[in-house]
Amino acid sequence: MSDAERQTWDQRYRELGATTREPATWIVAQKEYLPAHGRALDVAGGTGRHAVWLAQQGLDVTLADISTEGLTLAGQVAETARVTVRTLQTDLAETGLPMGPWDLILCSHYLDRDVYRQFAPALAPGGTLLFIHPTIRNLERHDRPGRRFLLAENELLTLVTGLTICRYDEGWSDEDRHEAKLVARRIMT
Ligand SMILES: C[S@@+](CC[C@H](N)C(=O)[O-])C[C@H]1O[C@@H](n2cnc3c(N)ncnc32)[C@H](O)[C@@H]1O
């Protein structure tokens with residue numbers, strides 16, 4: 001199952017090649033919530049559009065993804081941008097989130113409800129979660145991603161627990177996707 005997943009994404013990234021993708025507009029707009037320094041994890045970060053942006057903001061970034069092709073491209077994108085991004089090839093569905101604590105976790109367009117439940121314990125006290133994923137209402141305008149890859153309306157709030165919500169919103173993005181968007185913090189202890 002996970003090997004099939006890896007092969008699917010490897011193939012997709014081989015076709016894509018070294019295309020530079022911009023970080024999501026909404027993610028960039030959350031800059032004020034980023035820690036000034038510390039360890040950041042880009043969950044299923046693909047070819048690194050967000051990992052590179054986080055590194056440019058001064059964070060020590062690890063990008064975890066199942067696709068070796070994606071990680072190779074991410075390495076190239078980081079090199080071109082003259083920043084350092086650590087890459088970690090892993091099947092998050094099997095291994096769970098890499099060992100924290102993380103000062104920032106960014107999760108964009110990756111659906112795994114079990115992984116979402118690991119956000120709170122993996123964050124350092126005071127650490128921040130930035131999250132963005134399409135909801136079922138995205139089907140009103142787009143056939144893909146299919147239903148099984150989408151969140152139900154307001155479902156995210158039932159999955160991400162143990163964190164203080166700084167902002168939560170569902171709506172159409174600048175990229176014409178209907179997304180659940182969350183910024184949350186682990187309380188200082
Ligand atoms: C839709 S892409 C999103 C990429 C990136 N987060 C972004 O927003 O550009 C989904 C990513 O999840 C990765 N992925 C899928 N299943 C995975 C798994 N079980 N473990 C780790 N990564 C996985 C894929 O390789 C792909 O890079």
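Position 1 is the first residue of the sequence; numbering continues from there. This structure is a prediction, so every number in the text was calculated from the model and none was measured. Just so you know, ligand 1 is whichever comes first in the structure, and atom 1 is the first atom listed for that ligand.
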Could you work out, for atom 9 (O) of ligand 1, the closest of Arg49, His133, Glu5 by heavy-atom distance? Arg49
Can you pull out every salt bridge (charged side-chain N to carboxylate O under 4.0 Å, His left out) where at least one residue sits in residues 134-145? Sequence neighbours excluded, please. Arg137-Glu140, Arg141-Asp176
Quick check on side-chain contact (heavy atoms from CB on, under 4.5 Å): which of Leu104, Leu106, Thr128 does Leu34 satisfy it with? Leu104
Across all chains, not counting sequence neighbours, the side-chain contact (heavy atoms from CB on, under 4.5 Å) partners of Gln56 are Val52, Trp53, Ala81, Val83
State the atoms of ligand 1, each with its element, that fall below the 4.0 Å cut-off from a heavy-atom position in His50. 8 (O)
Nitrogen or oxygen of Leu92 less than 3.5 angstrom from that of ligand 1: yes
Between Thr25 and Glu175, does any side-chain donor sit less than 3.5 Å from a side-chain acceptor? yes
For ligand 1 and Asp42, I'd like to know whether there is a polar contact (N/O to N/O, distance under 3.5 Å). no
Heavy atom of Arg12, distance to ligand 1 below 4.0 Å: no
Note: ligand 1 atoms sitting under 4.0 Å from heavy atoms of Asp91 are 18 (C), 19 (N), 20 (N)
Does atom CZ (Arg86) have a neighbourhood of more than 12 heavy atoms from anything else shown, all under 6.0 Å? no
Applying the ring pair (Phe, Tyr, Trp, His ring centres under 6.0 Å) test to Phe131, which of Tyr33, Trp26, Tyr116 qualifies? Tyr116
I'd like to know whether Phe119 forms a side-chain contact (heavy atoms from CB on, under 4.5 Å) with Leu97, so could you lay out the CA-CA distance, the side-chain angles of the two residues, the decisive distance to 0.1 Å, and finally the verdict. CA-CA 8 Å; Phe119 288 149; Leu97 286 184; 3.8 Å; yes
To which protein heavy atom is atom 11 (C) of ligand 1 closest, and what is the distance rounded to 0.1 Å? Ala44 O, 3.6 Å
Does ligand 1 have any atom that is closer than 4.0 Å to a heavy atom of Asp10? no
Mark the output for Gly45 as yes if a heavy-atom distance to ligand 1 is under 4.0 Å, and as no if none is. yes
If I apply the N/O under 3.5 Å rule, does His109 come out as touching ligand 1? no
Atom 2 (S) of ligand 1: which protein heavy atom is closest, and how many Å away? Trp9 CH2, 3.4 Å
Name the closest protein heavy atom to atom 13 (C) of ligand 1, giving the residue it belongs to and the distance to 0.1 Å. Asp65 OD2, 3.4 Å
Does NE2 in His37 sit with more than 12 non-hydrogen atoms of other residues, nucleotides or ligands closer than 6.0 Å? no
Is a donor on one side and an acceptor on the other found under 3.5 Å between the side chain of Asp65 and the backbone of Gly46? yes
Does Arg21 come within less than 4.0 angstrom of ligand 1, counting non-hydrogen atoms of the residue? yes
Evaluate the criterion side chain to side chain donor-acceptor pair (under 3.5 Å) for residue pair Asp3 and Gln7; output intermediate values, then yes/no. CA-CA 6 Å; Asp3 207 41; Gln7 287 173 16; 3.2 Å; yes
Can you tell me the protein heavy atom closest to atom 23 (C) of ligand 1 and the distance? Ile66 CG2, 3.4 Å
Just checking, any donor-acceptor pair under 3.5 angstrom between side chains of Arg6 and Gln89? no
Shortest protein contact, atom 8 (O) of ligand 1 (heavy atom only): Ser108 OG, 2.6 Å
Measure the distance from atom 26 (C) of ligand 1 to every protein heavy atom, then report the residue, atom name and distance (to 0.1 Å) of the closest one. Tyr13 OH, 3.3 Å
One finds that the ligand 1 atoms under 4.0 Å from a non-hydrogen atom of Thr90 are 20 (N), 21 (C)
Apply salt bridge (charged side-chain N to carboxylate O under 4.0 Å, His left out) to the pair Asp10 and Arg14, showing each step before the final yes or no. CA-CA 6 Å; Asp10 276 349; Arg14 258 191 295 275; 5.0 Å; no
By number and element, which atoms of ligand 1 are closer than 4.0 Å to a non-hydrogen atom of Ser67? 25 (O)
Could you find the nearest protein heavy atom to atom 18 (C) of ligand 1 and give me its residue, atom name and distance? Tyr110 OH, 3.5 Å
Side chain or backbone, does Ala64 bring an N or O within less than 3.5 Å of an N or O on ligand 1? no
